[in-house]
Protein chains: 4
Amino acid sequence: MQAAATIRTEPVRGGGRPRSESTRRAILSATLDLLREESIQSITIEAIAKRAGVSKATIYRWWQSKASVVIDAFMENHIVHTPMRHDIHPAESLLQHWRLLAEQYSGWAGQIVSQILAEGQSDKSIQREFRERFYYGRRAVVREVIDNLRARLPKLQEIDSEVLMDILYSPVYMRLMWGYGPIDAKFIRDFPLNIFLLFGLEFDSDGHVVEG
Amino acid sequence: MQAAATIRTEPVRGGGRPRSESTRRAILSATLDLLREESIQSITIEAIAKRAGVSKATIYRWWQSKASVVIDAFMENHIVHTPMRHDIHPAESLLQHWRLLAEQYSGWAGQIVSQILAEGQSDKSIQREFRERFYYGRRAVVREVIDNLRARLPKLQEIDSEVLMDILYSPVYMRLMWGYGPIDAKFIRDFPLNIFLLFGLEFDSDGHVVEG
Amino acid sequence: MQAAATIRTEPVRGGGRPRSESTRRAILSATLDLLREESIQSITIEAIAKRAGVSKATIYRWWQSKASVVIDAFMENHIVHTPMRHDIHPAESLLQHWRLLAEQYSGWAGQIVSQILAEGQSDKSIQREFRERFYYGRRAVVREVIDNLRARLPKLQEIDSEVLMDILYSPVYMRLMWGYGPIDAKFIRDFPLNIFLLFGLEFDSDGHVVEG
Amino acid sequence: MQAAATIRTEPVRGGGRPRSESTRRAILSATLDLLREESIQSITIEAIAKRAGVSKATIYRWWQSKASVVIDAFMENHIVHTPMRHDIHPAESLLQHWRLLAEQYSGWAGQIVSQILAEGQSDKSIQREFRERFYYGRRAVVREVIDNLRARLPKLQEIDSEVLMDILYSPVYMRLMWGYGPIDAKFIRDFPLNIFLLFGLEFDSDGHVVEG
DNA sequence: CGATAAACGAGACGGTACGTCTGGTCTTGTG
DNA sequence: CACAAGACCAGACGTACCGTCTCGTTTATCG
């Protein structure tokens with residue numbers, strides 16, 4: 001998870017004052033500060049610059065848009081941190097991962113993610129950047145575990161991995177974007193159990209799979 | 001499906017020049033015109049007023065925001081039109097409805113919907129308005145059919161109707177918002193079949209349910 | 001001496017909120033205020049807007065440049081006011097007029113005039129505007145009196161009126177621009193007497209011509 | 001005519017890399033290049049640095065302002081070159097000198113001079129520098145010849161030398177600054193003859209004085 | 001010959017102001 | 001009263017230069 005949605009990724013050594021690392025961090029952290037208070041839309045580059053004690057030009061030198069700054073800030077600070085275990089039954093892995101994700105999305109992180117997605121609608125380069133830097137990585141991790149699960153469950157073998165991922169994860173984003181149905185304790189508890197039931201899997205009270 | 005996300009819903013009868021219907025229509029159709037060319041974000045109230053040959057103040061008098069105008073335009077013109085049949089097997093109904101929806105979302109209508117959702121992220125009143133005027137209606141229609149289907153399929157009875165709806169429809173919105181995976185012919189053909197397979201249903205080449 | 005270095009000179013009657021006269025005056029007087037403290041160069045449109053309690057856009061709507069605003073402010077407030085008498089001997093008229101001008105140019109008014117001229121060097125439209133609205137008028141008044149004087153003095157008849165005007169008035173501007181030689185009491189007293197001596201005219205202690 | 005409106009006039013001998021003469025020349029000639037295309041106002045230090053292939057800091061190390069660089073470039077390259085003859089009648093000397101000056105001021109040199117004067121209005125140190133390095137020298141040369149002329153003409157003896165200089169030279173600057181009346185062939189031919197006529201001097205067709 | 005020290009290029013940086021734009025409000029006159 | 005027209009305030013936009021700074025790299029002089 002490397003950072004920098006910058007114009008020049010490489011420091012381009014050779015003459016010139018080197019880029020100030022502290023300035024870069026000040027910008028990203030000022031951005032997160034502001035995001036705690038208001039939406040991406042209502043944040044201005046000017047406000048970021050002011051809070052970071054930095055010139056607007058410096059921000060424009062390294063990022064092409066407000067949303068790019070947000071994505072960088074988002075990525076560097078592990079705003080969403082959902083590790084995937086590989087030492088347990090894949091269904092349990094998925095369950096834990098899903099619940100962790102949903103929990104995080106129920107708060108501030110969800111607000112940021114949904115707002116980045118919103119920005120992406122009118123600026124496709126933002127959409128692409130976020131997809132490539134955030135989405136693809138986590139999709140790859142999930143796909144691996146889903147494949148393991150499919151190998152164990154004959155009835156899932158006819159169904160596409162992508163479809164299975166979509167079934168599990170899309171509803172979280174759906175709720176995020178529509179604001180319909182809260183991502184609350186009940187949803188976090190019940191929704192994945194319903195899905196796994198459809199797959200023919202049940203969990204006991206300890207959260208362990210009860211293969212039927 | 002009555003329109004008017006207006007400030008004053010009622011014409012405030014009693015004296016004075018009545019609201020001009022032609023002006024209202026001019027505004028909505030100018031809005032759709034502009035939406036054909038650019039995103040909601042990049043459209044301005046001023047541009048709508050200019051194209052409609054109308055004063056900015058008139059727009060502000062009746063709508064509170066750009067997005068409200070868009071929602072009105074969207075609703076009045078049946079931008080998304082997906083009737084639900086009740087005279088056939090509920091699974092067939094759902095399949096047809098889903099495919100119609102996906103098809104429409106693959107084009108201009110999808111762009112508008114995703115952009116309204118985007119606007120909704122930074123303006124929760126927009127989100128609520130769109131949800132109440134667009135989303136709830138269609139969810140109710142779908143829920144009814146889903147309930148019919150659950151009545152016929154024992155294995156679905158343990159699963160929440162909301163979950164089933166989410167499984168079917170969320171992935172469409174997911175693709176819309178992330179721009180990941182096109183809503184293309186292949187997706188429209190295969191995705192619902194995968195889902196119904198999970199429900200234990202198959203379709204023959206005529207699109208009729210083959211209850212297993 | 002009518003004012004308005006505006007883009008549209010005419011109010012463009014027919015619909016629309018009329019231009020606010022108080023706003024216009026606030027801008028011009030804020031400009032004069034600032035000119036009392038600093039040079040045209042160092043004044044900013046932003047500062048004028050702020051001091052006038054007015055939006056920048058309003059200034060840009062009516063004036064094309066900072067210097068245009070200054071010229072308007074300068075003209076409307078009769079910053080330089082040097083009436084020319086016609087009821088006395090033309091030489092006395094000229095003497096009084098010249099001394100009044102020099103006196104005014106020795107102070108704040110001179111600073112403004114020299115700075116407008118300076119602005120005019122890099123923006124020829126400013127130069128032309130100032131020339132046409134300020135310079136031509138006063139030159140016409142002076143020329144008339146100079147012509148009267150020439151009619152009385154045979155030795156001046158061979159010399160161009162423009163040349164005579166130049167001889168009298170250029171040195172004032174010369175001192176203004178070069179900052180060489182102050183426009184002080186001594187200069188104001190002696191210089192015109194020297195010139196008139198060259199014309200063959202002397203003045204007695206009451207300031208009356210002593211035709212030799 | 002040694003140059004250097006520099007901060008440190010002395011090379012500060014003792015250790016360190018000596019100042020690069022080629023860099024200095026590159027800066028001055030880049031400046032003149034740019035002056036051929038645009039006004040001092042619109043030229044930027046950045047543009048000079050770029051064109052000269054030099055760092056901005058190097059310019060700031062040796063000059064305190066853009067105008068200082070221009071003055072240096074102006075002086076070193078003898079942009080205005082008007083030698084004064086001492087072997088002929090002082091009136092002829094003056095006539096020739098004046099015409100040479102006016103001729104040069106009618107072109108590019110006049111543009112530069114007027115623009116330096118303009119810069120001097122908002123930066124008095126520029127005004128002083130230009131006056132001391134350019135103006136005083138030539139005024140001294142002219143004064144000497146004027147004094148010679150006064151010695152020969154009884155009627156000029158009562159009139160100040162400074163006044164006589166002003167009469168002759170101010171109108172040129174007047175036209176430069178106001179842009180009123182071109183410095184053209186007619187002006188160059190007639191104006192000085194008018195002045196000398198006032199002094200009681202005429203010239204024959206060979207340009208020789210005809211003392212009346 | 002090596003140490004020292006200023007000159008120099010490159011270019012990042014905090015600033016300031018630019019002139020433009022949009023949002024939302026207000027103020028006219030007309031129908 | 002609705003409405004068109006459009007002036008107006010507010011304030012962010014992204015850009016351009018400013019003058020300063022921090023680098024690494026010359027290029028001289030002096031010990």
Side-chain angles (χ1 to χ4, degrees), chain A residues 11-20 22-24 42-47 49-50 52-62 64-66, chain B residues 11-12 14-20 22-23 41-47 49-50 52-62 64-66, chain C residues 11-20 22-24 42-47 49-50 52-62 64-66, chain D residues 8 11-20 22-24 42-47 49-50 52-62 64-66:
Chain A
V12 194
R13 270 294 50 177
R17 179 173 173 176
R19 179 173 183 185
S20 158
S22 68
T23 291
R24 200 181 124 275
S42 61
I43 284 177
T44 63
I45 294 264
E46 235 154 40
K50 194 168 188 180
V54 140
S55 150
K56 267 200 295 176
T58 301
I59 299 181
Y60 283 113
R61 186 162 16 241
W62 300 105
Q64 22 164 330
S65 75
K66 194 166 55 182
Chain B
V12 194
R17 178 173 170 180
R19 178 174 183 185
S20 158
S22 68
T23 292
Q41 274 255 348
S42 62
I43 286 177
T44 65
I45 294 264
E46 223 147 49
K50 191 169 189 182
V54 141
S55 143
K56 266 198 298 175
T58 303
I59 299 180
Y60 282 114
R61 198 179 344 263
W62 299 106
Q64 24 162 336
S65 73
K66 194 166 55 182
Chain C
V12 193
R13 269 301 49 181
R17 178 176 176 176
R19 179 174 183 184
S20 158
S22 67
T23 291
R24 200 182 123 275
S42 61
I43 285 176
T44 64
I45 294 263
E46 234 153 39
K50 194 169 189 181
V54 142
S55 149
K56 268 198 297 176
T58 302
I59 299 181
Y60 283 113
R61 202 188 332 268
W62 299 107
Q64 20 162 335
S65 73
K66 194 167 56 182
Chain D
R8 305 184 207 151
V12 194
R13 273 305 47 190
R17 178 176 173 178
R19 179 174 182 185
S20 158
S22 68
T23 291
R24 200 181 124 275
S42 61
I43 286 177
T44 64
I45 293 265
E46 226 149 49
K50 192 168 189 183
V54 142
S55 151
K56 269 199 294 177
T58 302
I59 298 181
Y60 282 113
R61 190 167 5 244
W62 301 106
Q64 24 164 333
S65 75
K66 193 167 57 181

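Letters A, B, ... are given to chains in the order of the sequence lines, protein chains preceding strands, and every chain is numbered from 1.
Listed pair D/Trp62 / E/dC8 meets the phosphate criterion, a side-chain N or O lying under 4.0 Å from OP1 or OP2. OP1 or OP2 of E/dG14 sits under 4.0 Å from a side-chain N or O of A/Thr58.
The side-chain hydrogen bond (donor to acceptor under 3.5 Å, both in side chains) test applied to D/Lys56 returns D/Glu46, not counting sequence neighbours. The side-chain hydrogen bond (donor to acceptor under 3.5 Å, both in side chains) check on B/Ser42 picks up B/Glu38, B/Ser39, with sequence neighbours excluded. Qualifying side-chain contact (heavy atoms from CB on, under 4.5 Å) partners for A/Thr23, counting only residues two or more places apart in sequence or in other chains: A/Ser20, A/Ile27, A/Val54, A/Thr58. By the side-chain hydrogen bond (donor to acceptor under 3.5 Å, both in side chains) test, D/Thr44 pairs with no residue at all, sequence neighbours left out.
Taking both residues in full, the closest heavy atoms of D/Ala49 and D/Ser55 are given as CB-C, 4.2 Å, listed atom of the first, atom of the second, then distance.
In this structure, A/Arg61 atom CZ and F/dC17 atom P are separated by 14 Å, rounded to whole Å. We find that CD1 of B/Ile59 is positioned 13 Å from P of E/dT25, with the value rounded to whole Å.
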Where each pair must be Watson-Crick or G-U wobble with both distances under 3.5 Å, what dot-bracket representation of DNA chain F is obtained, with crossing pairs in [ ] and other-strand partners as |? |||||||||||||||||||||||||||||||
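Within 3.5 Å, no donor on the side chain of C/Arg17 pairs with an acceptor on the base of F/dC8, nor the reverse.
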Using a cut-off of under 3.5 Å, enumerate the N/O to N/O pairs linking the protein to nucleotides 15-19 of chain E.
{"unit_1": "E/dG15", "atom_1": "N7", "unit_2": "A/Ser55", "atom_2": "OG", "d": "2.9"}
{"unit_1": "E/dC18", "atom_1": "OP1", "unit_2": "C/Ile45", "atom_2": "N", "d": "3.0"}
{"unit_1": "E/dC18", "atom_1": "OP2", "unit_2": "C/Ile45", "atom_2": "N", "d": "3.4"}
{"unit_1": "E/dC18", "atom_1": "OP2", "unit_2": "C/Glu46", "atom_2": "N", "d": "3.1"}
{"unit_1": "E/dG19", "atom_1": "OP2", "unit_2": "C/Tyr60", "atom_2": "OH", "d": "2.5"}
{"unit_1": "E/dG19", "atom_1": "O5'", "unit_2": "C/Tyr60", "atom_2": "OH", "d": "3.4"}
{"unit_1": "E/dG19", "atom_1": "N7", "unit_2": "C/Lys56", "atom_2": "NZ", "d": "3.0"}
{"unit_1": "E/dG19", "atom_1": "O6", "unit_2": "C/Lys56", "atom_2": "NZ", "d": "2.7"}

